[in-house]
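Read the structure below first, then the notes.
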Amino acid sequence: MNNKVKFEQYESLLRQWSKRMNLVAPSTLNDVAGRHFADSAQLADVLPHGVDIIDLGSGAGFPGVVLAILGWNVTCVESIGKKVAFLTELKKQLDLPNLQIFHGRLENFIENIRYYEKQPVFTARAFASLIKILDYVGKTKYRLFLLKGREVMAEINEAKHKYKFKYELIPSKTGDGFITIISDIK
């Protein structure tokens, strides 16, 4: 199955499952390709090739499942059972052997983080504020590739009171937010 077919099937499953549970805002179902797929896929332009990805609070699979379709090895971390069921169905229906799903709280995943041959990176979209994300994962020192809104500088300034890190902001191609890259966390 090629990627175009996988994205079409993903959209179909998202629409079906969204009738039963709140996976995405109903208003965004009018433009799944632009609002969710393209927004998530823009990370592919900045992610290092060959890294493993840990997607935080994956929800409906953004950006994790999109990046798995595009070829990355992805572990989606999700604590809500219904969303894990949706992610599991996506993995099966879209035939994504490069997608792993961790059902549990992020703190538990981080405490028991498995060995990675290459240092992975974290991704997230609409998950938590930057300082909360750093509280969860900062001790790993893994780089973060986050899809953040236009208020990202306020989040960076707040996090700078507690953490030292480098950051890069890349304007989003799909909205008024930013791809936010966080590295050298101390």
Side-chain angles (χ1 to χ4, degrees), residues 10 13-14 17-18 20-25 36 39-40 43-44 46-48 50-149 152 155-156 158-167 179-186:
Y10 189 172
L13 287 165
L14 180 66
W17 282 65
S18 289
R20 297 181 295 206
M21 69 175 77
N22 184 24
L23 288 170
V24 296
H36 298 294
D39 190 47
S40 296
L43 284 175
V46 297
L47 281 166
V51 296
D52 290 337
I53 294 169
I54 301 168
D55 188 44
L56 309 174
S58 298
F62 306 120
V65 174
V66 172
L67 295 170
I69 291 170
L70 296 176
W72 271 270
N73 291 320
V74 178
T75 300
C76 288
V77 179
E78 178 56 58
S79 65
I80 299 170
K82 293 186 286 189
K83 293 179 180 179
V84 169
F86 176 70
L87 293 169
T88 302
E89 186 66 14
L90 284 176
K91 175 181 170 70
K92 180 179 148 196
Q93 293 291 326
L94 304 181
D95 187 27
L96 294 172
N98 57 323
L99 176 66
Q100 304 306 314
I101 301 157
F102 177 84
H103 180 193
R105 298 196 50 80
L106 179 55
E107 305 92 303
N108 297 336
F109 180 84
I110 297 299
E111 282 175 17
N112 301 297
I113 201 160
R114 66 181 175 88
Y115 171 77
Y116 285 87
E117 196 172 302
K118 298 175 273 253
Q119 191 177 67
V121 299
F122 290 110
T123 59
R125 178 178 182 248
F127 173 61
S129 67
L130 178 57
I131 195 163
K132 274 190 129 7
I133 291 172
L134 289 172
D135 286 345
Y136 285 128
V137 305
K139 68 181 180 183
T140 68
K141 309 284 193 258
Y142 298 166
R143 286 179 293 166
L144 306 172
F145 291 79
L146 310 172
L147 293 164
K148 287 295 201 175
V152 69
E155 291 186 39
I156 288 170
E158 178 189 16
K160 286 273 186 185
H161 291 293
K162 187 172 181 181
Y163 296 95
K164 291 183 179 178
F165 54 87
K166 292 181 183 172
Y167 69 92
I179 295 172
T180 305
I181 303 170
I182 305 291
S183 60
D184 296 330
I185 304 163
K186 295 177 179 83

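Small disclaimer: the values here were computed from a predicted structure and weren't measured.
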Q: Check the surroundings of atom NZ in Lys160: do more than 12 heavy atoms from other residues, nucleotides or ligands lie under 6.0 Å from it?
A: yes

Q: Please report the closest heavy-atom contact between Arg125 and Pro63, naming both atoms and the distance.
A: CB-CD, 3.7 Å

(Q) To check you understand the geometry: which heavy-atom pair defines the closest contact between Trp17 and Leu23, and what is its length? (A) CB-CD1, 3.6 Å

Q.
I'd like to know whether Leu96 forms a side-chain contact (heavy atoms from CB on, under 4.5 Å) with Leu90, so could you lay out the CA-CA distance, the side-chain angles of the two residues, the decisive distance to 0.1 Å, and finally the verdict.
A. CA-CA 8 Å; Leu96 294 172; Leu90 284 176; 5.5 Å; no

Q | Closest contact, heavy atoms only, Cys76 versus Leu99 | A | SG-CD1, 3.6 Å

(Q) Quick check for you: to the nearest 0.5 Å, what is the distance between Thr123 atom OG1 and Leu146 atom CG? (A) 8.0 Å

Q. Out of curiosity, Leu144 CG to Phe165 CZ, how far, rounded to the nearest 0.5 Å?
A. 9.0 Å

Q. Are Leu67 and Asp55 close enough that some pair of their side-chain heavy atoms sits under 4.5 Å apart?
A. no

Q. Is the shortest heavy-atom distance from the side chain of Ile54 to the side chain of Phe109 under 4.5 Å?
A. yes

Q) What are the two closest heavy atoms between Glu78 and Val84, and how far apart are they? A) O-CG2, 3.5 Å

Q.
Going by the rule side-chain hydrogen bond (donor to acceptor under 3.5 Å, both in side chains), which residues pair with Lys148 if we only count those two or more places apart in sequence or in a different chain?
A. Glu155

Q) Does the side-chain contact (heavy atoms from CB on, under 4.5 Å) test come out yes or no for Thr75 and Ile53, once each step is laid out? A) CA-CA 6 Å; Thr75 300; Ile53 294 169; over 6 Å; no

Q: For residues Ser58 and Val65, determine if any side-chain heavy atom of one lies less than 4.5 Å from a side-chain heavy atom of the other.
A: no

Q) Just how far is it from atom CZ of Phe145 to atom CD1 of Ile182, taken to the nearest 0.5 Å? A) 10.0 Å

Q) Run the side-chain contact (heavy atoms from CB on, under 4.5 Å) check on Phe122 and Thr140 step by step: do they pass? A) CA-CA 10 Å; Phe122 290 110; Thr140 68; 3.2 Å; yes

Q) Got a second to check how far Lys83's NZ is from Thr88's OG1, nearest 0.5 Å? A) 14.0 Å

Q) How close do Tyr142 and Pro120 get, heavy atom to heavy atom, and via which atoms? A) CE1-CG, 3.3 Å

Q) Of all heavy-atom pairs between Ala60 and Tyr10, which one has the smallest distance, and what is that distance? A) O-OH, 2.6 Å

Q. Between Leu43 and Trp72, is any pair of side-chain heavy atoms under 4.5 Å apart?
A. no

What pairs of donor and acceptor atoms, side-chain ones from residues 127-139 against any protein atom, are under 3.5 angstrom apart with sequence neighbours left out?
unit_1	atom_1	unit_2	atom_2	d
Ser129	OG	Lys132	N	3.4
Asp135	OD1	Lys162	NZ	2.8
Asp135	OD1	Tyr163	OH	2.5

**Q.** Evaluation steps, side-chain contact (heavy atoms from CB on, under 4.5 Å), between Val152 and Tyr167
**A.** CA-CA 11 Å; Val152 69; Tyr167 69 92; over 6 Å; no

Q: Look up atom CD in Gln119 and atom CZ in Arg143, then write down how far apart they are to the nearest 0.5 Å.
A: 7.0 Å

Q. In Å, rounded to the nearest 0.5 Å, how long is the span from NZ of Lys141 to CG of Asp184?
A. 10.0 Å

